[in-house]
Enquirer: 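I have a structure here, written as structure tokens, and I will follow up with some questions on it.
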Amino acid sequence: MQIIEGAGRWTRPPAGTANDWVEHLKVPDLSVGTYCIPAGGVDDQSPHTEDEVYVVTAGRARIVTPGGAAEVGPGAVVFVPAGEEHRFVDVTEDLALLVFFGPAYGSRGGA
């Protein structure tokens with residue numbers, strides 16, 4: 001067992017960067033991290049080679065994929081399959097996302 005302190009908590013991105021990504025746990029079949037985008041910020045991520053689940057822990061935005069768009073806020077859970085384009089837009093409140101990758105982030109190469 002492992003308690004992951006601070007996972008999903010908002011942190012201000014480092015100076016000179018748009019967003020903040022911190023990986024808290026990585027084992028072969030799973031990784032867990034926190035992704036933060038400030039209000040008015042731009043989500044600059046690319047599609048991942050792993051399946052991904054986002055849990056919104058703070059903030060508000062919209063997620064956009066080729067299949068549509070949806071408003072998200074605290075408590076929302078979003079599944080994004082490997083390779084799918086996706087982006088958080090219209091970030092109206094500092095957004096903190098608890099992120100789960102399966103298998104672990106970057107384990108399929110090209111992350």
Side-chain angles (χ1 to χ4, degrees):
M1 181 193 63
Q2 180 177 348
I3 304 296
I4 303 170
E5 298 289 338
R9 282 194 204 139
W10 164 257
T11 56
R12 180 144 316 275
T17 63
N19 309 317
D20 188 34
W21 162 252
V22 176
E23 188 171 55
H24 304 289
L25 172 75
K26 185 171 189 172
V27 295
D29 292 329
L30 173 75
S31 62
V32 178
T34 301
Y35 184 44
C36 296
I37 306 169
V42 175
D43 181 5
D44 57 0
Q45 65 180 317
S46 299
H48 311 293
T49 56
E50 301 79 28
D51 290 333
E52 185 174 16
V53 172
Y54 291 100
V55 179
V56 180
T57 60
R60 299 200 177 278
R62 287 181 345 119
I63 185 165
V64 178
T65 71
E71 301 289 326
V72 296
V77 178
V78 180
F79 170 72
V80 178
E84 183 173 83
E85 286 278 346
H86 60 287
R87 194 144 335 279
F88 290 93
V89 300
D90 303 329
V91 181
T92 58
E93 297 175 17
D94 292 342
L95 189 64
L97 304 156
L98 183 57
V99 187
F100 299 85
F101 286 98
Y105 178 69
S107 64
R108 290 183 175 163

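Since the model is a prediction, treat every value here as computed from it, not as a measurement.
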Enquirer: Judged by atom type as modelled, is there a donor-acceptor pair below 3.5 Å linking the side chain of R87 to the main-chain atoms of V64?
Expert: no

Enquirer: Could you state the interatomic distance from CD1 (I37) to CG (D44), rounded to the nearest 0.5 Å?
Expert: 8.0 Å

Enquirer: Starting at CG of D51, measure out to CZ of F79 and round the result to the nearest 0.5 Å.
Expert: 4.0 Å

Enquirer: Do the side chain of N19 and the main chain of V42 share a donor and acceptor less than 3.5 angstrom apart?
Expert: yes

Enquirer: Side chains of P13 and W21: closer than 4.5 Å at any heavy-atom pair?
Expert: no

Enquirer: Measure the spacing between SG of C36 and CZ of R9 and express it to the nearest 0.5 Å.
Expert: 11.5 Å

Enquirer: Counting only N and O atoms by type, is there a donor-acceptor contact under 3.5 Å from the side chain of T57 to the main-chain atoms of L98?
Expert: no

Enquirer: Answer yes or no: is there a donor N or O on one side and an acceptor on the other, between the side chain of D94 and the main chain of A39, under 3.5 Å?
Expert: yes

Enquirer: Taking C-beta and beyond as the side chain, do E84 and P47 meet within less than 4.5 Å on heavy atoms?
Expert: no

Enquirer: Calculate, to the nearest 0.5 Å, the distance between atoms CZ and NE2 belonging to F101 and H48 respectively.
Expert: 4.0 Å

Enquirer: If I take atom CZ from residue R62 and atom CG from residue L95, how far apart are they, to the nearest 0.5 angstrom?
Expert: 13.5 Å

Enquirer: Can we say R108 and E50 salt-bridge, meaning some charged N sits less than 4.0 Å from an Asp/Glu carboxylate O?
Expert: no

Enquirer: Is the distance between the ring centroids of F88 and Y54 under 6.0 Å?
Expert: yes

